[in-house]
Amino acid sequence: DDHQRLRRIQAGSARLWQGLQQLPGVRTLLPEPPPAGLVSFTIEADRLVDTAELVERLGERGHWIRRLDHPDCLRACLHVTSTAAEIDALLAAIAAQLPEVP
């Protein structure tokens, strides 16, 4: 039913949101897990990467996210079919693209 689908999307969004909280230099736009499937985040200046390039590199690896101008952020969209393994793979791919900070 619709409520089960929404709860599944919310669980995936919460998993991604919580995982992003663990990545140094990554900040989610919302202070709590989002109410639906859109998870927006930024990368702090000291870990600055070209976000358009990041989106392209992730896409080459099969991870599709968007870059938005207003507000300036990156956004992942989760669906009812998004799996925990896919979410974890996206988090690992984002982490791998972040430069090390001394």
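Taking all atoms of both residues into account, the shortest heavy-atom contact from L6 to P35 is CD1-O, 3.9 Å. Contact record, V55 with R66: CG2-C, 4.1 Å, taken as the closest heavy-atom pair. Scanning both residues, L38 and S13, for their nearest heavy atoms gives N-OG, 4.4 Å. Of all heavy-atom pairs between E86 and T83, the closest is OE1-N, 2.8 Å. What you find for L23 and A95 is that their closest heavy atoms are CD2-CB, 3.6 Å. When all heavy atoms are compared, the tightest approach of A93 to H63 is CB-CD2, 3.6 Å.
Judged as a salt bridge (charged side-chain N to carboxylate O under 4.0 Å, His left out), and not counting sequence neighbours, the contacts of R27 are E44. R57 is linked by a salt bridge (charged side-chain N to carboxylate O under 4.0 Å, His left out) to E53, counting only residues two or more places apart in sequence or in another chain. Among residues two or more places apart in sequence or in another chain, the salt bridge (charged side-chain N to carboxylate O under 4.0 Å, His left out) test is passed with R61 by none. Contacts of D69 classified as salt bridge (charged side-chain N to carboxylate O under 4.0 Å, His left out), with partners at least two apart in sequence or in another chain: R67. For the side-chain hydrogen bond (donor to acceptor under 3.5 Å, both in side chains) test, residues two or more places apart in sequence or in another chain that qualify with T28 are W17, Q21.
Between atom CD of residue Q18 and atom CG of residue L16 there is a gap of 10.0 Å, rounded to the nearest 0.5 Å. Atom-to-atom distance recorded for T51:OG1 and L54:CG is 7.0 Å, nearest 0.5 angstrom. From L29, atom CG reaches atom CZ of R75 across 8.0 Å, with rounding to the nearest 0.5 Å. Atom CG of residue D72 and atom OG of residue S40 lie 11.0 Å apart, to the nearest 0.5 angstrom. Rounded to the nearest 0.5 angstrom, R15 CZ and L78 CG are separated by 11.0 Å. Going from atom CG of L68 over to atom CG of L74 covers 8.0 Å, rounded to the nearest 0.5 Å.
Applying the 4.5 Å side-chain rule to ILVMFWY residues, one finds V80 in the same cluster as I9.
For the pair I94 and L20, the minimum side-chain heavy-atom distance is below 4.5 Å.
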For this session: Verify side-chain contact (heavy atoms from CB on, under 4.5 Å) between H3 and R7, making sure each step is shown before the conclusion.
Result: CA-CA 6 Å; H3 293 295; R7 282 193 298 274; 3.5 Å; yes

